Protein chains: 2
Amino acid sequence: MKVTIYDVAEKAGVSISTVSKVMNNQQVGQKSKQKVLKAMEELDYKPSVLASALTGKRTSTIGFILSDIANPFLAEITRQVEDRAHEVGYNLVICSTDFKQEKEERYIELLRQKSVDGFILVGDFKNKDVLVKLTHKDVPVILLAAESHPSLSVNTVTVDNFIGGYEITSHLIGFGHERIAFIAETAGSSQERIRGYKQALQEHSLPYHEDLIVISDSSLEDAKRLAVQLLDSPNRPTAIISSNDLLAMGVLMGAREKGLNIPKDLSVTGFDNTLLSKSCDPPLTTIAHPIKSMCTQAVDMLIEEVEGVKKEKQKILALPTLIVRKSTDYNPFKTNR
Amino acid sequence: MKVTIYDVAEKAGVSISTVSKVMNNQQVGQKSKQKVLKAMEELDYKPSVLASALTGKRTSTIGFILSDIANPFLAEITRQVEDRAHEVGYNLVICSTDFKQEKEERYIELLRQKSVDGFILVGDFKNKDVLVKLTHKDVPVILLAAESHPSLSVNTVTVDNFIGGYEITSHLIGFGHERIAFIAETAGSSQERIRGYKQALQEHSLPYHEDLIVISDSSLEDAKRLAVQLLDSPNRPTAIISSNDLLAMGVLMGAREKGLNIPKDLSVTGFDNTLLSKSCDPPLTTIAHPIKSMCTQAVDMLIEEVEGVKKEKQKILALPTLIVRKSTDYNPFKTNR
DNA sequence: CCTTTTTTGTAAAGCGCTTTACTTTTGTCG
DNA sequence: CGACAAAAGTAAAGCGCTTTACAAAAAAGG
């Protein structure tokens, strides 16, 4: 049988309210406090979070919603969030939505019934409505690595994808590349990265060719197909940027199939600095995000809201960093270098 | 203000017990049932899981404990478990332990206080004691992809690592390899794989060289170092098996550093068939596990125990499959092939 | 040594739901 | 149409904890 506060009270010879008080560090005389502590110890008493939450206390549980925990980048984020959450005494209950709106809605509803203290929503949401509804429900929410919704008053921690796109493009331009392709996704973050790409081109007075931007279905296979297609085109690019590392792996495979040497014949870059980018051959030049600090901030913001410390919302924009590895080099066709 | 069962009862003009009964599909007259349903609908009533769990019902939450959610293989497993759990109406709360015993203990304790309905423990545990304690606590537990503890009466779903090691070694032997190295880890699964490796050697009357088995610290860097070391040895191996795909990436890098062509000069294999093995160059011959079915079974077994359907424990041993890709080929030094 | 404060400790209500035991309604049948 | 069984509905206790309002005890002061 589970040992309850009553058992402790009885064993210590005090009332349950006294026991409750020592648990919550309230004024209790030294003597009874000791008695209670001793009783707890001896009975190996573990208070029920359920019961205490029912009276209005926290559940110390965070709803963590993302598209797919199996995605290495998201898994890495999850780990960082989890670590910070544990540090401050919270647990994560995880739900993968596959970007399906009905799952997003269902899971949020379910977790609310389970009285999670707040939500961390990672990555873009299929449907803004879900978000809007949630923010109207007086429950703490943090958007992490998601599109920034300027119109929504919700705490947000994002990386500046525009800068990321700008940096990596500039890096390639620095190597003399002029025809730089971009394999993108439909997500909002990709669009931002493309904006940065365009900005870099423009600042260096390079022409923007619409046909160099292609949209993938986010699979390695599709990226490979697109890469081959790009490389087969009459005026082929000398560098290919992918909007994430996995896509870049596809590019690598496609290029190899065509007998190209990376980076001698073609520069390729990834995005997100995942395990993949470090372990492939050649290791990828990519863009790293300050994941750890972003996750820590996201958790801390959420907790502050949960505990009612802070009321005003804020949006944090983190800056990404260019990581230069072996997959990029000078444009082999550039005459004057 | 949150809407409770009282609000519904009042609106419907019945008692709360009637409302409770319709929620739990018990005998209730048609008329009142409709009134209640309508009231619930209109009030957008969502029963509190906390309150209902406090009275003895399930929390429909599973404690999911593993070493590191950021590990791609584990993330994949997590996803499968999550999917199945959601299908049957359960959520996962996730805890990464880094193999630290104190974390294992703390998280299990914490989750018990939160009244999770059961635990799924993934991978090997640092300390068997934690496990033993847990199994003595009348809470449902499943070991997934973990060492089988023959002495423990606990539900288990594991892959047959012995077979895995045997299969991949036999595959290499079939290619004429005789000096086959094995880069292992300390975990129990590695040991089983090595047993299979030895068995294969023996069945083919090949000598077992102790110096061909090396233990890594599980990092890519260390695997690379060990690979180089093996390749520098006087009587170098013609094939290297790694006990997981990540280590194999390290081998790939080491081999490349030494100017070897894979698979012409050296065959290398991974284990676990992760994303890594598919996306690297050349794609790795590896061992795949029936992850999906294993995870489904694990969840189902747990639920059965939670709901008290089944009482007897069982241990399920799944069979792995050899996946042949481009990283293995004939032994170049073999005379008669 | 008695009154006033302050410190400790307690009883009881309440959190939102389930469940048991019981009462009221309905329906059935002779 | 009255007696009785079945069906429908309800009151109340209880799950394990927090908290408020209050009582008892201890400390302080005159």
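Only a predicted model underlies this, so the values are computations on that prediction, with no experimental measurement involved. In what follows, chains are A, B, ... by sequence order, proteins preceding strands, each numbered from 1. Values below: every heavy atom of this structure, side chains too, minus hydrogens, waters and symmetry copies.
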B:Ser52 side chain, from C-beta outward: closest of C:dT18, C:dT10, D:dT10: C:dT18

Check: A:Thr97 side chain, A:Leu66 main-chain N or O, donor-acceptor pair, under 3.5 Å: yes

Lys/Arg-Asp/Glu bridge criterion (N-O < 4.0 Å) met for B:Arg106, B:Glu109: no

Distance below 4.0 Å between A:Ser17 side-chain N/O and C:dT10 OP1 or OP2: no

Nucleotide of D:dT18, C:dT10, C:dC17 approaching A:Val14 most closely (side-chain heavy atoms): C:dT10

Integer-rounded Å distance: C:dT7 P and A:Gln26 CD: 15 Å

Phosphate OP1/OP2 of C:dC17 contacted by B:Ser20 side-chain N/O (<4.0 Å): no

Proximity to the side chain of A:Leu54 - top-ranked nucleotide from C:dT18, D:dC17, C:dC15: C:dC15

Side chain of A:Thr55 - closest among C:dT19, D:dA21, D:dT18: D:dT18

Rounded distance in Å - CE (B:Met23) to C1' (C:dC17): 7 Å

Protein-nucleotide distance (B:Lys57, atom NZ; C:dG16, atom C1'), rounded to Å: 13 Å

Sugar-phosphate only, base, or nothing, as touched by A:Thr4 at under 4.0 Å among non-hydrogen atoms: sugar-phosphate

Phosphate contact (D:dA11 OP1 or OP2) by B:Tyr6 side-chain N/O below 4.0 Å: no

Touch class at under 4.0 angstrom, heavy-atom based, for B:Gly56 against every strand present: nothing

Set of residues satisfying ring-ring contact (aromatic ring centres under 6.0 Å, His included) with respect to B:His149, sequence neighbours excluded: none

Interatomic distance where CG belongs to B:Asn24 and P belongs to C:dG16 [whole Å]: 18 Å

Donor-acceptor pair, side chain of A:Asp98 and main chain of A:Lys100, under 3.5 angstrom: no

Nucleotide nearest B:Ser15 when distance is taken to its side chain, options D:dT10, C:dT19, C:dT10: D:dT10

Atom pair distance, as rounded to whole Å: NZ in A:Lys31 and C1' in D:dA26: 9 Å

Distance in angstrom units between B:Gln113 CD and D:dG16 P, rounded: 14 Å

Minimum-distance nucleotide (side-chain atoms of A:Gln27 versus D:dT10, C:dC17, C:dT8): C:dT8

Atom-to-atom span, NZ of A:Lys114 to C1' of C:dC17 - whole angstrom: 16 Å

Closest to side chain of A:Ser48, choosing from D:dC17, D:dT10, C:dT19: D:dC17

Touch class at under 4.0 angstrom, heavy-atom based, for B:Leu50 against every strand present: nothing

Spacing of A:Lys2 atom NZ relative to D:dC15 atom C1', expressed in whole Å: 12 Å

Donor-acceptor pair, side chain of A:Gln113 and main chain of B:Ser48, under 3.5 angstrom: no

Where B:His289 and B:Asp272 come nearest, the two heavy atoms and their spacing: NE2-OD1, 2.8 Å

Residue B:Lys21, side-chain heavy atoms: nucleotide from C:dG16, C:dA21, D:dC17 that is nearest: C:dA21

